[in-house]
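A quick write-up on the structure given underneath.
The basis for the numbers below is simple: all heavy atoms, side chains too, and nothing from hydrogens, waters or symmetry mates. We count residues from 1, following the sequence as given. Keep in mind that this is a model prediction, so the values were computed, not measured.
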Amino acid sequence: MSILIKNARIVSPGSKLNGTQKDILIKNGRIEKISNKISDKSAKMISSENLYVSPGWMDIGTCGAEPGFEFRETFSSLSKSAASGGFTSIAVFPNTNPPVDNKSSVQFIQNNTRDEVVDFYPIGAISKNCKGEEITEMIDMATHGAIAFSDGKKSLQSNGVLLRALQYAKSTGRIIINHPDDHSLSNGNNIHEGEISTSLGLKASPSLSEILTTERDILMAEYAESMILLHNLSCKESVDKLLKLKSSFVASSVSYLNLCKTDDSLADFNVNYKTNPPLRSAKDRKALIKGINQGAIN
C-alpha cells in the first residue's frame with residue numbers, strides 16, 4: 001500500500017529538512033521519497049491545510065492501568081490510543097496494582113507488550129509500593145529492562161530516600177524522575193493558590209510546594225552527581241532556579257496544558273482544568289514558555 005502526503009511541513013530538529021514543506025511518498029510502511037512535488041495516482045493521498053509530519057513521539061511518564069485496573073485500560077487499548085495521538089513509544093509509570101517495583105513486574109510489561117503497535121518502556125518504582133519509604137531493588141530492575149526510576153504520580157517526600165535513589169541510579173546509568181511537590185503544603189489540591197482559588201473559596205496548592213522541592217531536588221542531584229528529571233514543572237520560580245543553578249545533572253519537563261492555559265480556566269468551576277500540577281497564573285505560563293526558549297526546560 002502506498003500513501004502520499006502532500007505539502008507537509010517537516011518537524012525534525014537536527015535534519016536539514018526541518019521546517020521545509022515537502023511531499024512524502026510512503027510504500028509498504030517505509031518512506032520511499034521526499035521531494036517538492038511527487039505524483040503517484042495509485043497512492044492514497046493525504047492533504048490539508050497546515051499539515052505537519054514528524055518522527056514518532058515518545059511519552060515519558062504514561063499513566064497506564066495494567067496490571068490491576070484492566071477494567072479501565074489494557075496494554076492494547078493504551079497502545080492504540082498512543083498511536084492515534086502520534087506516539088510510537090511510551091515509558092510507563094509504575095503506579096499500577098501491583099506496582100512495578102521488582103524485576104518480575106518489569107518483565108511482565110515487556111513480555112505482554114512485544115506485539116503492540118507502540119514500544120513500551122518500563123519505569124521502575126523508587127520505593128516499594130510507591131510509598132516513599134523503603135528503596136526497591138533498583139539495580140535488579142535496571143538489569144532486567146527498567147529505563148528509569150520514579151514513584152510516578154507520587155512525589156518523593158523523604159530526602160534520605162531520594163538521595164539513596166540517586167546514588168543507586170548513578171550506578172546503573174539510569175535517571176530519577178520526580179515531580180517536585182511538598183505534600184504538606186499542597187495537600188493534594190489541584191488548583192493554584194491565587195485570586196481564582198480565593199474567589200471560588202477552594203483549598204489550593206501554593207507555588208511554594210513546588211519551589212522548595214525543586215531546589216531540594218537540584219541540590220540532591222548535584223550532591224550525588226546523578227541525573228534527575230524534574231517532571232511537569234508549573235511555576236516561574238522553578239524556571240528561575242534552573243536558570244540560576246544551571247546544573248548538568250538536572251533535566252526538566254513541562255505539561256503542554258501549563259503552556260496553553262492558566263487558572264482563569266477554573267473561574268466557572270470547570271473541573272476538567274483541575275490538574276496535577278495545577279494550572280497557575282499568566283505570569284507562570286509566560287515564564288514556562290520563556291524557559292523552553294532559553295533551554296532551561298528540556
Any side-chain donor-acceptor pair under 3.5 Å between [X] and [Y]?
X: S234; Y: E210; answer: yes
X: S247; Y: E222; answer: yes
X: N270; Y: N272; answer: yes
X: N36; Y: K22; answer: yes
X: R285; Y: T262; answer: no
X: T136; Y: D101; answer: no
X: N159; Y: R216; answer: yes

Taking only residues two or more places apart in sequence, or in another chain, which ones meet [X] in a ring-ring contact (aromatic ring centres under 6.0 Å, His included)?
X: F249; result: none
X: F149; result: none
X: Y273; result: none
X: H231; result: F93

Single-linkage hydrophobic cluster, 4.5 Å side-chain cutoff, L245 and L163 together: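 L245 and L163: one cluster.
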query: Hey, quick one: are L230 and M220 part of the same hydrophobic cluster, counting side-chain heavy atoms closer than 4.5 Å, chains of contacts allowed?
result: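 The answer is yes; both residues are in one hydrophobic cluster.
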task: Would you sort out whether K128 and E133 count as a salt bridge (charged side-chain N to carboxylate O under 4.0 Å, His left out), showing the intermediate values?
output: CA-CA 7 Å; K128 291 184 179 179; E133 297 169 357; over 6 Å; no
Close side-chain approach of [X] and [Y], heavy atoms under 4.5 Å:
X: P277; Y: H179; answer: yes
X: Y121; Y: I90; answer: no
X: T214; Y: S238; answer: yes
X: D40; Y: L25; answer: yes
X: V100; Y: V106; answer: yes

List the atom of [X], the atom of [Y], and the distance in Å for their closest heavy-atom pair.
X: E193; Y: P206; result: OE1-CB, 3.5 Å
X: V254; Y: N232; result: C-OD1, 3.9 Å
X: I211; Y: K241; result: CG2-CE, 3.3 Å

field: Hydrophobic cluster (4.5 angstrom, side-chain heavy atoms) - remaining members for L212
entry: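 Direct or chained contacts put L212 with L185, L208.
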Test side-chain hydrogen bond (donor to acceptor under 3.5 Å, both in side chains) applied to [X] - qualifying residues, sequence neighbours left out:
X: T62; answer: D59
X: T143; answer: none
X: S281; answer: D284

query: Do other residues, nucleotides or ligands put more than 12 heavy atoms under 6.0 Å from E116 CD?
result: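 Enclosed.
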Does [X] have any side-chain contact (heavy atoms from CB on, under 4.5 Å) partners at least two apart in sequence or in another chain, and if so, which?
X: L202; answer: I191, L200, F269
X: K37; answer: K6, D23
X: S155; answer: Q157, N178, D181, H183

- prompt: Got a donor-acceptor contact below 3.5 angstrom from the N112 side chain to the F108 backbone?
  reply: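 Judged by distance alone, yes, a pair lies under 3.5 Å.
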- prompt: CZ/R164 to OG/S127 distance, rounded to the nearest 0.5 angstrom?
  reply: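 The OG atom of S127 is 10.5 Å from CZ of R164, to the nearest 0.5 Å.
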Run the side-chain donor-acceptor check on residues 287-298: report pairs under 3.5 Å with partners two or more places apart or on a different chain.
from, atom 1, to, atom 2, distance (Å)
N293, ND2, I289, O, 3.4
N298, OD1, S252, N, 2.8

Test side chain to side chain contact (heavy atoms under 4.5 Å, CB included) applied to N190 and T275, step by step: CA-CA 5 Å; N190 295 327; T275 60; 5.8 Å; no
